[in-house]
Every structure is written in C-alpha cells, then in structure tokens.
Amino acid sequence: MADSTPAQRGTWGSRIGIIMAVAGSAVGIGNFLRFPVQAARNGGGAFMIPYFVSLLLLGIPLMWVEWTIGRYGGGFGHGSAPGAFQSLWRKNRFIKYFGVIGIFGPLVIFMYYCYVESWLLGYSFYALTGKYASAANPEGMKAFLEGYQGLESNQYFSSMWPAYIFFLITFALNMIVLYRGISGGIEKVCNLALPMLAVLGIIIAVRVLFLGAPDPAKPDWSTINGLGYLWNPDFGQLTKASVWMAAAGQIFFTLSVGIGAIITYASYLSRADDVTLSGLTATSANEFAEVVLGGTIAIPACYAFFGPDAIKGIADSGAFNLGFVTMPLVFAKIPMSAVFGGCWFIMLFLAGITSSISLVQPAIAFLEDEFDIERKNAVKLFAAVSFVLCQPAIFMLSRGVMDDLDFWGGTVLLVIFATTESILFAWVFGIDKAWDEIHVAARMRLPGIYKFIIKYVTPLFLLTIIGMWLYQDWWPVIVMKNVKPADKPFVLQSRLMLLGTFLALCVMVHIAWRKRRPISAQPDVPPPVAAGEATDKKGDSQ
C-alpha cells in the first residue's frame, strides 16, 4: 500500500468549511447544558478563573497540536490517529496502537451520544405539537422523560418505542450525512447548522434577558440576578482541586480535544492550509456559543421563575434534568411557549448532530485510508457495527451503562489520548520541528510563550490530572464500588464489550500495517506545497 495521499480521499470545499466543521464538532449539547451546571456547582464566577486558565494552557495548545498532527498525518494519507502517530514517530512500531484510542474513544462516546441526541429530536416534535404541555410541574415533566426513555410506563408513554423510532431517525441522519462525504455531507451540514444554531441561540438568549422579573411580587427573582448567581465569584472554591479538575474537564469536553476528531478533520487539509488562525477561529466560535449563549440562557431563566432557593437544586440535578425537565417548564410559562420550546430543542439537536458526525469520521477515515475501502462501503460497515454497539446504552439505560460509557469515553480516554499526543508531538517529534510544522502556511504567528507551554506546561498539566485521578479515584471505579449490586453484571458486560472492541481495533491496525511498505522506504516529510497551491479552494489567498 503506497504511503502517499490516496486519490479518493475527500477534501474540504473551502477554508471556512473546515472551520465550521471543527466548530460544529466542538459546539455540542454540553455548551448549553453541561457548562452552566458546572459553573453553578463550582463557585459561579470563580469557576471561570480555572476555566480560562485551562483554556489558555490546555485547550488552545491541544487544539493547535491536533490541527497540526492531523495536517501532517494527512500528508502521508492518514486520516486517523494510528497513522498520524506513526508518522510522528516513525521508528516506533507500537505508537500506532496508542493512536487506536483516537478511534475507540469517539466510538465509545457515539454509543450513547446518538441516543441522547435522538431525545432532542423527539422533544423538538413534542414541544411544537404540545405533547408535554400537560406535564405542568417538575414531577410531571420527570415522569414524561422517564416514560419516554422507557424507564417506566405511565400516562404519557406505554413503551419506549417512540424513543426508539426517534433514535432510528437520528442514527440514519448521521449515516446519511457521512455517506455524502467530506464536502458534500459534513461541510454542508455544518455550514447550515452552525448559523441556524447561532440564530436560535441568540433569539432564546434575548428572550430570556427580556424576562426581567416575571413575578412582580418577587422582584429579586430576575434574570439579572440569575446572571449574578452564575457569574459572581465564590473565591473560596478555588482552593478545591475538584473545581480545577471540573474546569479542565469542561475544556476537554467543549473543545473536543483529546478525542481524535480534530486530527481526522485536519487530515483533509493540504500543506498550503493554515492551522493557527483557523484553529483559533473555530475555538472562538465555540467559546461564544458556550460562555455567551450557554451562560445566558438556562440558569438565568430558571432563577427568574424558580428563585434563589431552588436554583442550587436545579444545578445539582444535572444537565439532563436542566435540559429536559426544568427548561420545558420555563418555556411553558412564557407566551408562544411551543415555539420557544421547539427552538430550544432544535438548537440542541443541531449542536448534537454536528458533534456526533465528528465522532464517527475517525473510524470512517481509518477504513478508507488504511484498508482502501470506498467511503460509501466504509459508512455501511460502520453503520452495521455501531448500530449493534449502541443498543446497550438504550436498553440498559436504567442499569448505569450510559454513565459508565460516559466516564470511560468522555473522561478517561480523553485525558490519556491528549497526554499521549502532547508528549509525542512536543518531545518525540521535537518541539523545534513541531513549532516549524505549526507555522507552515500560517496566517498568524503564535506568541513565543506557547512554545514553552506546548512543551512543558500542557503535558505537565495533563500528567497532573492523571496522577490525581490515579491517587484518588481509580480503584473504586475499577471494582465498581459505587455501582448498585444489581447493576454490576450489566456494567461488567458493557466493559467487556468495550475491551473486545478496543482489541478488535488493535488487530485491525496490525493487519493494516502489515500491508504497508517498510518504514525505511517511506518519505520523511509530507509532499511539499506545489507552486500555485497556496490558495484556498474557493480562491481565498493563503
């Protein structure tokens, strides 16, 4: 198998296309639900101090690292982390197996994320049709959600078939987008979904701000005081390690770093494409969605209607309850409730689908690039396998399987992968060579301090997080100490499924590399920028 870029590899139609796609990968459900909950739980405005420290020292450096690794690996025809890692450390035969996490991690997240995403599609329909209008209090709305999820049979739902039908629709939509390719599918959807999401988010945020104090008898219950609750700092929280870890975790979650998706998306760039300014632009779009929109909608609205005594309980109840229980009750209290409720869930669904397609693309790229499987066949193969893998999260939801998948895929694997790639890029590939590679065709020169941050601070930050987890939490998690006894067989079964999937991917990597030319026969650097290539595909000068 030749190690140059295959002719059938997809490309982005424009520079804005890759920016919108990476921003779409980052802008997800967590921007509007997880972020306000984390901020409210962890000291309000004080949380933003470790949040922005993590953004500057962890999120932005890793973003540039992943864009650069992706473009570099793509120059050798590798669209997934195993090949990209091997390109960086050519003499090591085992590094590609660490790269398997960049396929496995997104797949684990997709196993449950697609189902959650389908709830948003279902609730969009139920909001616009007034299906849940009769659930007029928290207890009723919780019953509606649990009936929809199939956790109980009640007056709202007698089975989980409606939820499963919306899952089938959502799963099919994801596969259709991927089936249509990079520019014809992913790029077009992100170019359409991100502006729509932004418009809906701004409309909802403005409506929330104009709520003021809905109850004249309670003037302190206002959106302004709600913003104060979220943003006024409790500096005493800064002494807690858990707050710093929560902030770092939110940065991982919100920027989609440590997953492998950005590496795959960037692999479709040419050497003439910038990664510095493009990556920072995508990050800025995500931060606008999270900090400005996500911080303006949910918590202030809930504060205005339910007051200061209830708001802590709402935040502590978690992101799902905030999104699917409390917010529908908020919108039920304002004029045109069906319209605003529909806008809320449509906005979240758009955020969800742009993220979920990015979770799938690393596996599709792996099948295309390393096995020469034509894209449409690769999507069909992935759809068949992943459909089966999604079922435990659906039918064992009440058994804690989704929470366990989220822990491994959405927390542990992210940190392990990010640590591996940061050390590989800065220390094995070499910081001087890495710094030069970042600035190939760059539209923006990075501040020199980031050379030090990428080499020392980011890896140390990540190693500290891993060390703290190993010191505090790893053994209770391994032995399922906090899992109900009745649920342990189901969680164990899920973990064995994950182990089998990971080993299968390792075997596939081994098979793929046995077909390749010896390392010594492969080129040392990607093909150079050809004359006249340094222009965007739409004619935008690089």
Side-chain angles (χ1 to χ4, degrees), residues 29 31-48 51 123 126-128 130-146 156 200-237 243 289-345 347-348:
I29 303 169
N31 292 71
F32 303 97
L33 297 180
R34 193 178 191 272
F35 169 74
V37 165
Q38 290 296 319
R41 283 178 175 175
N42 292 284
F47 174 80
M48 300 310 297
Y51 176 88
Y123 266 65
Y126 295 137
L128 293 172
K131 170 78 173 178
Y132 61 57
S134 59
N137 53 51
E139 293 72 24
M141 197 61 72
K142 286 180 182 178
F144 186 94
L145 176 61
E146 291 177 355
Y156 301 108
L200 291 173
I202 291 170
I203 290 172
I204 297 171
V206 170
R207 183 67 185 91
V208 167
L209 290 175
F210 275 94
L211 286 172
D215 187 348
K218 300 172 181 177
D220 291 337
W221 291 21
S222 67
T223 53
I224 298 300
N225 287 338
L227 288 170
Y229 175 84
L230 189 62
W231 295 110
N232 288 337
D234 176 5
F235 290 114
Q237 297 290 321
V243 174
E290 177 154 295
V291 176
V292 177
L293 298 181
T296 303
I297 297 174
I299 294 297
C302 293
Y303 191 101
F305 281 107
F306 300 106
D309 294 333
I311 195 67
K312 187 180 187 304
I314 290 171
D316 289 341
S317 69
F320 281 169
N321 275 349
L322 177 63
F324 292 96
V325 175
T326 309
M327 288 304 291
L329 293 174
V330 166
F331 292 122
K333 296 175 181 292
I334 65 177
M336 300 176 63
S337 58
V339 173
F340 282 102
C343 288
W344 167 251
F345 286 111
M347 178 190 70
L348 293 179

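For the numbers below, each heavy atom of this structure counts, side chains included, while hydrogens, waters and symmetry mates do not.
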| field | For D234, all residues meeting side chain to side chain donor-acceptor pair (under 3.5 Å), sequence neighbours excluded | value | Q237

| note | When every non-hydrogen atom of A213 is compared with those of P219, the smallest separation belongs to CB-O, 3.7 Å

| CG of L200 to CH2 of W344: how many Å apart, nearest 0.5 Å? | 11.5 Å

| said: Would you compute the distance between atom CD1 of I29 and atom CE of M347 and round it to the nearest 0.5 angstrom? | reply: 10.5 Å

| Non-neighbouring partners of Y51 that pass side chain to side chain donor-acceptor pair (under 3.5 Å), sequence neighbours left out | E287, E290

| request: Report the residues that fulfil side-chain contact (heavy atoms from CB on, under 4.5 Å) with I203, sequence neighbours left out, ordered by chain and then residue number. | output: V199, F340

| remark: Scanning both residues in full, the closest heavy-atom pair of P214 with P216 reads O-CD, 3.4 Å

| field | Over all atoms of both residues, closest heavy-atom pair of Y156 and S134 | value | CE2-OG, 3.6 Å

| Rounded to the nearest 0.5 Å, what separation is found between the CD1 atom of I204 and the CZ atom of F32? | 8.5 Å

| note | Between L322 and A298, the two heavy atoms sitting closest are CD2-CB, 3.8 Å

| remark: Residue set satisfying side-chain contact (heavy atoms from CB on, under 4.5 Å) with V206, at least two apart, ordered chain then number -> I202, F210

| request: Kindly write out the residues that satisfy side-chain contact (heavy atoms from CB on, under 4.5 Å) with S337, not counting sequence neighbours, or none if the list is empty. | output: none

For residues 324-334, dump all side-chain donor-acceptor pairs below 3.5 Å to protein atoms at least two apart in sequence or in another chain.
from: T326; atom 1: OG1; to: N321; atom 2: O; distance (Å): 3.4

| request: Check side-chain contact (heavy atoms from CB on, under 4.5 Å) between A40 and all other residues, then give those that pass, not counting sequence neighbours. | output: Y229, L230, I299, A315

| message | Can you classify the ring geometry of Y123 versus Y132 as parallel (below 30°), tilted (30 to 60°) or perpendicular (above 60°)? | response | tilted

| With no hydrogens and no angle check, is any side-chain donor or acceptor of N225 less than 3.5 Å from a backbone partner on G228? | no

| At their closest point, which heavy atom of G342 faces which heavy atom of L128, and how far apart are they? | CA-CD2, 3.9 Å

| query | Restricting to pairs with a member in residues 294-318, which pass side-chain hydrogen bond (donor to acceptor under 3.5 Å, both in side chains), not counting sequence neighbours? | reply | K312-D316

| said: With a 4.5 Å cut-off on side-chain heavy atoms, are D220 and P308 touching? | reply: no

| request: Only counting residues at least two apart or in another chain, list the ones meeting ring pair (Phe, Tyr, Trp, His ring centres under 6.0 Å) with F306. | output: none

